[in-house]
Each structure stands twice: as C-alpha cells, then as structure tokens.
Amino acid sequence: MRRAIYPGSFDPVTNGHLDIVARASRLFDEIVVAIAQNVQKEGLFSRDERIAMLETATMSFENVRVTCFDGLLVDYAHEIEATAVIRGLRAISDFEFEFQMALMNRKLNDSVETIFLMPKEEYTYLSSRIVKEIARLGGDVDAFVPDFIATTLHRKLHA
Ligand code: PNS
C-alpha cells in the first residue's frame, strides 16, 4: 500500500487544494489529508469545522481520508506509515518556504519524501487567505471554493 500524506491548514479547503488531492489520488493507493496546526496562522474555522468541510469536499474520492494531527508532520507521517508528503506548489513565491520545509523534514526523517504537485494554472493565484479576504469584503468566491464552502464562509463572516 503506497500511502501519502497531504498536510495543510485548509482554512478553508479551496478548489486548488482539491485539484492537488485529485492529482495525488491518482498516484497513490491512499491519500491522508491531514489538518495540522500552523503556529504562524490564526484560523477562521475550528479544526472540527475544517475536518467536516474537507470530508464533504473529498467525498467523491474513494482513496482519500481526512484526519488531523498535533506535533511534527514527519512523526505523524511515520505513525500512519506514509512514505510521501504531498505539497502543492503554485508559484516561485511558494518555493522558498516549501524548500525549507521539505529539507527540514528530510533532516528530521530521511525516509519520508516530499513530492510537489502543481495545480491547474487557474488555481496558481488562489489561497485560503485571499479567499477569506474576498469573502470578508463581500466579494464572490464561487469560482474558488466548492459551493457549500462559499455558503459556509458567508455564514461565518456575515452572520
Ligand atoms: O497549509 P499550510 O499552512 O501552508 O501548511 C503548513 C503545514 C501545516 C504543513 C506546516 O506548518 C506543518 O507541517 N506543520 C506541522 C508541524 C511541523 O512539522 N513543523 C515543522 C515543519 S519543517
């Protein structure tokens, strides 16, 4: 069984994330989408809300499951016997942070390989942060997230 972990904040999941899930799910037997604590980011949604949103958004993928973890990514990858970490690479601006994280994770555990996948061009400028900002300011995010996430975002920000 070839299992990969796709970690992230997913606050909330976007069409860009789902594009990466689709690509990864064709390469591995199982993809574990894992919500991690990013200490540098304060979340809009709780962990439980993110899990619920991701579970709904990935329902159509038979080999994808959703979890969350605390602590180091490499430790969790080892615990669930994942041999690869999937990360989406959108633009050069992502590269420095991703490069640092991949090499640090390799230093911490050399048996977990980081694999970068590129989303569709139309998602290269997309991020959860920008989607939240647009939604907060009353803009339309329908093209960037699944419909039910757009509704959830609107409810959360404008209730
Ligand atoms: O979606 P994000 O916020 O870019 O994801 C970053 C994330 C959550 C993957 C990263 O912060 C992470 O791996 N956190 C877990 C803690 C950890 O292992 N930190 C050391 C990374 S070198």
Side-chain angles (χ1 to χ4, degrees), residues 2-25 27-28 30-58 61 64-136 141 144-146 148-150 152-153 156-157:
R2 298 184 74 79
R3 179 179 294 126
I5 180 168
Y6 178 30
S9 305
F10 304 108
D11 184 45
V13 60
T14 68
N15 289 342
H17 293 130
L18 295 172
D19 183 78
I20 296 294
V21 168
R23 289 170 201 283
S25 74
L27 296 173
F28 288 88
E30 186 178 60
I31 301 297
V32 178
V33 181
I35 299 166
Q37 192 73 28
N38 185 337
V39 287
Q40 292 171 42
K41 289 184 187 170
E42 201 182 320
L44 172 66
F45 292 101
S46 71
R47 220 180 230 207
D48 286 348
E49 287 173 323
R50 293 183 215 183
I51 290 178
M53 287 188 284
L54 265 168
E55 278 178 344
T56 304
T58 59
F61 299 100
V64 174
R65 65 185 171 94
V66 180
T67 73
C68 61
F69 69 97
D70 291 306
L72 287 175
L73 168 61
V74 287
D75 290 344
Y76 186 63
H78 179 75
E79 186 186 318
I80 63 168
E81 298 178 354
T83 51
V85 171
I86 302 291
R87 290 288 288 172
L89 204 54
R90 292 164 300 188
I92 301 279
S93 51
D94 279 344
F95 183 75
E96 197 171 334
F97 173 64
E98 295 299 336
F99 183 70
Q100 182 184 27
M101 204 159 64
L103 291 188
M104 183 55 82
N105 282 334
R106 180 187 285 169
K107 187 84 183 161
L108 293 169
N109 184 341
D110 199 15
S111 62
V112 182
E113 206 63 64
T114 301
I115 297 177
F116 294 107
L117 297 177
M118 273 159 287
K120 263 188 199 154
E121 301 89 286
E122 63 201 80
Y123 298 139
T124 51
Y125 56 88
L126 193 54
S127 72
S128 299
R129 185 190 62 75
I130 218 158
V131 165
K132 280 182 285 193
E133 187 171 320
I134 294 167
R136 187 172 284 123
V141 294
F144 312 131
V145 292
F148 80 95
I149 302 264
T152 310
L153 258 171
K156 184 93 173 173
L157 293 166

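Positions are given from 1 along the sequence. Numbering of ligands and ligand atoms starts at 1, following listing order.
- In this structure, atom 10 (C) of ligand 1 lies nearest to the protein heavy atom M101 SD, 3.9 Å.
- Between the CG atom in N105 and the CD atom in E98 there is a gap of 10.0 Å [rounded to 0.5 Å].
- Of the protein's heavy atoms, L72 CD2, 4.1 Å lies nearest to atom 19 (N) of ligand 1.
- For atom 8 (C) of ligand 1, the nearest non-hydrogen atom of the protein is A36 CB, 3.5 Å.
- The distance from ligand 1 to the heavy atoms of M104 drops below 4.0 Å at these ligand atoms: 22 (S).
- Of all protein heavy atoms, the one lying nearest to atom 14 (N) of ligand 1 is Q37 O, 3.9 Å.
- Shown in contact with L73 at under 4.0 Å from a heavy atom are these atoms of ligand 1, numbered in order with element: 13 (O), 17 (C), 18 (O).
- Counting heavy atoms of neighbouring residues, nucleotides and ligands inside a 6.0 Å radius, atom CD of E55 exceeds 12 of them.
- Checking A77, G71, S127 against atom 16 (C) of ligand 1, the nearest heavy atom belongs to G71.
- Under the 4.0 Å criterion applied to side-chain N and carboxylate O atoms, D19 and R90 are not assigned as salt-bridge partners.
- Within ligand 1, the atoms closer than 4.0 Å to a non-hydrogen atom of N105 are 21 (C), 22 (S), numbered from 1 in the order shown.
- How far OH of Y76 is from CD1 of I5: 6.0 Å, rounded to the nearest 0.5 Å.
- Counting heavy atoms from C-beta outward, Y125 and F144 have side chains that approach closer than 4.5 Å.
- The single protein non-hydrogen atom nearest to atom 3 (O) of ligand 1 is S9 OG, 2.5 Å, given as residue, atom name and distance.
- Here T83 contributes atom OG1 and H78 contributes atom NE2; the two are 12.5 Å apart, rounded to the nearest 0.5 Å.
- R87 NH1, 4.4 Å is the protein heavy atom nearest to atom 7 (C) of ligand 1.
- For F99, the CZ atom is loosely surrounded, since the number of other residues' heavy atoms within 6.0 Å does not exceed 12.
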